[in-house]
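Just so you know, ligand 1 is whichever comes first in the structure, and atom 1 is the first atom listed for that ligand.
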Amino acid sequence: ETEITWWHAMGGALGDTVNQIASDFNASQDEYKITPVFKGTYEETLTAGIAAFRAGEQPNVMQVFDAGAATVIGAKGATIPVQDLLADNGVDFDINDYIAGVRYFYADSDGKMIGMPFNSSTPIMYFNVQALEKAGVSAPKTWEEFQTVTAPALKEAGYTALSQSHLPWIFTENFHSRHNLPFATNNNGYDGTDTQILVNNDAIKAHFSAVKDWKDNGYFEWFGTGWGDNQTPFEEGKVAMWLGSSGSFGGLSKKDLPFDFSATMLPYWEGVTKEPTQTFIGGASLFAMAGHDAEENKATAAFFDFLTSAEVQYFWHKETGYVPITEAAYEMAKADGHYDRAPAAEVGIQQLSLPGGDNTKGYRMGFYVQIRDVMNREYGRILTGETSVEDAFKTIEDEANNLLARFAKTQG
Ligand SMILES: O=P(O)(O)OC[C@H](O)CO
């Protein structure tokens, strides 16, 4: 039996599902055994993986989140492109089996898939059904509706209207995609590494000015950069609407919440666009780390083959809320009546399937994890009144461009 390891960042209910998939794989055959190891947050898992690679102790499979993708894809020799791994080990692979939104996010500039899409999500709006009923409103489609109708009514009914769990992901990266606005030069970073960020623009500055006003009016609360810090007040029924990941659906469903919840698409600014576009995938993918022998690589390929089967993908989607990454798994979910039973479970994939544009496929920027740190620091300073929106975005632009220039140098 060949043993392989899988480092991941899936805690709580997600971790239970990861363990279940690993056990099912191990039980499905007797040649290979995979051991999943929880390594903490996405950031901690990436840091641990890079350190392990430098020490020659890397796992066979490493989960890398969206923000770390450019860095890992750019680290030549650190991973085996998944498309090569599968072909070398006789596993059928057709990129067109994957839904359009996930096909090229973890691919190189030639369209070769480098990372195996695994947990693909998108940010959506969850809401407390009874809170909205009490306030006599429905979930807003636009931010204009939010600030003029929904939030004042919810405040009157005794609720903070909104919280969110990831300002860079939801209010920055997907803000640009939802409004089809360019986020970086070079085709949002996909066409080269001499890229500059385009985050210092009027639309997002107006958005953050509005968010600060909402906070000052008691319509919005920011509980810090921690994901759970912002989700918990929603679960407790204090905050009526919460922007989180479609991958939070399963965890919320398994909790005994004191209200019914549902979900809808991420609002947009009608003043910015009358034709809102799709968001792009978040979450993470699995990379096959280089430096292992042929038998272990064969085991990794077998595991990826198992993982991407329609049955396993549908199980993962149903349990967690991460979107089905293959057309076959999506069809299986529909045929099984999953969305008849839980309509909110389809919101993520529906939002990913809205009309797209030139700027809706995400971004490719190296050292982006550090760029998010700069954003989080500056956004926190905006919300606590320590800096102005204007100064914060100038700082983010300058520091991000310095990081991008440093990354470009590492790429030769
Ligand atoms: O919470 P997830 O897994 O949907 O990931 C959200 C973001 O994409 C993380 O960068």
Visitor: At under 4.0 Å between heavy atoms, is it the side chain or the backbone of A67 that contacts ligand 1, or both, or neither?
Guide: neither
Visitor: Does the pair D373/R377 count as a salt bridge with the N-to-O cut at 4.0 Å?
Guide: no
Visitor: According to the interplanar angle, ranging from 0 to 90°, do the rings of Y32 and F25 count as parallel (below 30°), tilted (30 to 60°) or perpendicular (above 60°)?
Guide: parallel
Visitor: Do ligand 1 and W227 have nitrogen or oxygen atoms that lie under 3.5 Å from each other?
Guide: no
Visitor: Which atoms of ligand 1 sit under 4.0 Å from any heavy atom of S245?
Guide: 1 (O), 2 (P), 4 (O)
Visitor: What are the atoms of ligand 1, with element, lying closer than 4.0 Å to any heavy atom of F65?
Guide: 10 (O)
Visitor: Using a strict threshold of under 4.0 Å (side-chain N to carboxylate O), is an ion pair present between K298 and D88?
Guide: no
Visitor: Any atoms of ligand 1 less than 4.0 Å from a non-hydrogen atom of Y42? List them with their elements.
Guide: 2 (P), 3 (O), 5 (O), 9 (C)
Visitor: Considering non-hydrogen atoms of the protein only, which is the closest contact for atom 5 (O) of ligand 1, and what is the distance?
Guide: G283 N, 3.4 Å
Visitor: Between D108 and R364, does any side-chain N to carboxylate O distance fall below 4.0 Å?
Guide: no
Visitor: Quick one: which ligand 1 atoms are inside 4.0 Å of a heavy atom on G282?
Guide: 8 (O)
Visitor: What protein heavy atom sits nearest atom 2 (P) of ligand 1, and how far off is it?
Guide: Y322 OH, 3.5 Å
Visitor: Backbone, side chain, both or neither: what part of R372 comes under 4.0 angstrom of ligand 1, heavy atoms only?
Guide: side chain
Visitor: Please confirm whether W214 and F146 have ring centers closer than 6.0 angstrom.
Guide: yes
Visitor: Looking just at side-chain N and O atoms, do Q350 and Y339 make a donor-acceptor pair shorter than 3.5 Å?
Guide: no
Visitor: Salt-bridged, E221 to K238, with N to O below 4.0 Å?
Guide: no
Visitor: In the protein, which heavy atom is nearest to atom 10 (O) of ligand 1, and how far is it?
Guide: D66 OD1, 2.5 Å
